[in-house]
There are 2 protein chains.
Amino acid sequence: MARPRKALLDLDRIADTALELVDETGDFTVPEIARRLGVQTASVYHHVDGRPGIVELLRARVGTEIDATLLEGRPWESALRAFAYSYRAAFAAHPHLIRLLTGEPVRAPSVVAVYERMVVLMEEAGFAPEAVMVTLTAFENLLFGAALDLAAPEVMWTVPAEVSAPRLAAALAAQPTGTGRADRAFEFAINVLIDGFSRLLKQD
Amino acid sequence: MARPRKALLDLDRIADTALELVDETGDFTVPEIARRLGVQTASVYHHVDGRPGIVELLRARVGTEIDATLLEGRPWESALRAFAYSYRAAFAAHPHLIRLLTGEPVRAPSVVAVYERMVVLMEEAGFAPEAVMVTLTAFENLLFGAALDLAAPEVMWTVPAEVSAPRLAAALAAQPTGTGRADRAFEFAINVLIDGFSRLLKQD
DNA sequence: ACCTGAACACCGTTCAAGT
DNA sequence: ACCTGAACACCGTTCAAGT
């Protein structure tokens, strides 16, 4: 049964399975992908450039879930905010994914295109040339940190019994119910950051 | 030569070597630590609770490099800012370390103590109980994202030749020399965030 | 071109045996 | 208590062989 008439494997099936494993266990393994697809481990290597190639597949996958068109046709504040929410939503759907993607630099053309668009947006808004990368990097730092926060279990924010931290415990208890700590923090941080960009713009 | 009169291994030597490897290669391996220390792999397991135990050692190590006393004896804005710089400096010294530490929740008593202190600081400054965790989470998100940014090679910010991104290239070229993109972005973001906290405080 | 089966180097972990 | 030597399961990767 070498070389079936219809291919058993393709990039989509590999990416789907890898993402399944990441969602279920926090990581993926080439042999485990092969097992789930009922195929030999070596077969996967005929479609993909090793494990790093599969990571790139996942990077592309999450990239398609982020809606870059949100950057178009609206004021820059609204554009950045909408993009930020879309970005975070993509990682909220796969909380463990961000950890796998922090390894390698972002060089995919589609990602570079998004940055290019953001630069144009900020320039048209009137930001000074030296200010553009500073604001976009600050923006990206927050997006990264917020994405990582999604992978942090809420357990992380319960005070261990053996430690005395009464005010922390009280602050945690004082959180409004409904939307979580992480959601509110993200919303607040994005607002603050964009307000900060605004004031930088006006002071120029 | 089983059981020498003077122990060949101890936690400090294991942590030192692991950190060396992380700095040099971006990761560590139990056998590689053993090789560097001229010892069998199995020996390491007599001192440490497996690979995760070594990660905890590294977490503790970076924890000691962050100066939590900076939170004491000054206004909250200055305290948060100083702590943020100390935090980032600790990871700047070991840029690859942050990736290893994002896996497990922070439950070390010393870390909880820092959060407890921050909560008290914010409460004494007059922040509403519901606002405290929101601001601290936003603060932490930025610290995490900024630490990850330190591991991103500047190469990440050079436009690939095959992609057309003229404005991005120009914005990168417009950056002031001297301190890098990452440093300026961090400084800016921290200022903006703390200003935002300030305004939240006044509007209460 | 696509899959199999076998192989190799390497990692994380355990355990009995020695002092 | 601390180290060795050997063992095991598992992973990433390669390659000749088959259709």
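Here is the naming used below: chain letters follow the sequence lines, and residue numbers restart at 1 for every chain.
Taking every heavy atom of both residues into account, B:L71 and B:M118 meet most closely at CD1-CG, 3.9 Å. Residues A:L150 and A:F91 approach most closely at CD1-C, 4.0 Å, considering heavy atoms.
Going from atom NE2 of A:H47 over to atom C1' of D:dT13 covers 16 Å, rounded to whole Å. Rounding to whole angstrom units, CG of residue B:L8 and C1' of C:dT19 are separated by 13 Å. We find that CD of A:Q40 is positioned 18 Å from P of D:dA16, with the value rounded to whole Å. Taking atom CG of A:L37 as the reference point, atom P of C:dC2 lies 15 Å away to the nearest angstrom.
Under the 3.5 Å distance criterion, with hydrogens and angles disregarded, no donor-acceptor pair is assigned to the side chains of B:T25 and B:D27.
Listed by first then second residue, pairs satisfying side-chain hydrogen bond (donor to acceptor under 3.5 Å, both in side chains) with a partner in residues 84-93 of chain A read A:R88-A:D183, not counting sequence neighbours.
Residues B:E187 and A:V134 have side chains not in contact (no heavy-atom distance under 4.5 Å, counting atoms from C-beta outward). Using a 4.5 Å cut-off on side-chain heavy atoms (C-beta onward), A:F139 and A:T135 make no contact.
B:E56 contributes atom CD, which lies 9.0 Å from atom CG of B:L58 (distance to the nearest 0.5 angstrom). With values rounded to the nearest 0.5 angstrom, B:Y115 atom OH is found 14.0 Å from B:L121 atom CG. One finds the CZ atom of A:F144 at 14.5 Å from the CG atom of A:D149 (value rounded to the nearest 0.5 Å).
Contacts with DNA chain D (heavy atom under 4.0 Å) in residues 9-21 of chain B: B:L9, listed by number.
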Could you list, one pair per line, each protein nitrogen or oxygen that sits under 3.5 Å from a nitrogen or oxygen of nucleotides 8-12 of chain D, together with the distance?
unit_1, atom_1, unit_2, atom_2, d
D:dC11, OP2, A:R35, NH2, 3.4
D:dG12, OP1, A:R51, NH1, 3.3
D:dG12, OP2, A:V30, N, 2.8

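For B:H46 and B:D49, each mapped to the nucleotide of DNA chain C holding its nearest heavy atom, the one lying further toward the 5' end belongs to B:D49.
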In a table with atom names and distances, give each donor-acceptor pair under 3.5 Å that connects a side chain of residues 8-18 of chain B to protein atoms at least two apart or in another chain.
unit_1, atom_1, unit_2, atom_2, d
B:D10, OD1, B:D12, N, 2.9
B:D10, OD1, B:R13, N, 2.9
B:D10, OD2, B:R13, NE, 3.0
B:D10, OD2, B:R13, NH2, 2.7
B:R13, NE, B:L8, O, 3.4
B:D16, OD1, B:R61, NH1, 2.8
B:D16, OD1, B:R61, NH2, 3.1
B:T17, OG1, B:R13, O, 2.8

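Close to D:dT4, at under 4.0 Å from its OP1 or OP2, lies a side-chain N or O of B:S43.
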Check your understanding: What dot-bracket string describes DNA chain D from 5' to 3', counting Watson-Crick and G-U wobble pairs whose defining distances are under 3.5 Å, with [ ] for crossing pairs and | for pairs to another strand?
Key -> ||.|||||...|||||.||
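Across all strands, B:A7 comes closer than 4.0 Å only to sugar-phosphate atoms, never to a base (heavy-atom distances).
Not counting sequence neighbours, the partners of A:E130 by the side-chain contact (heavy atoms from CB on, under 4.5 Å) test are A:A128, B:P176.
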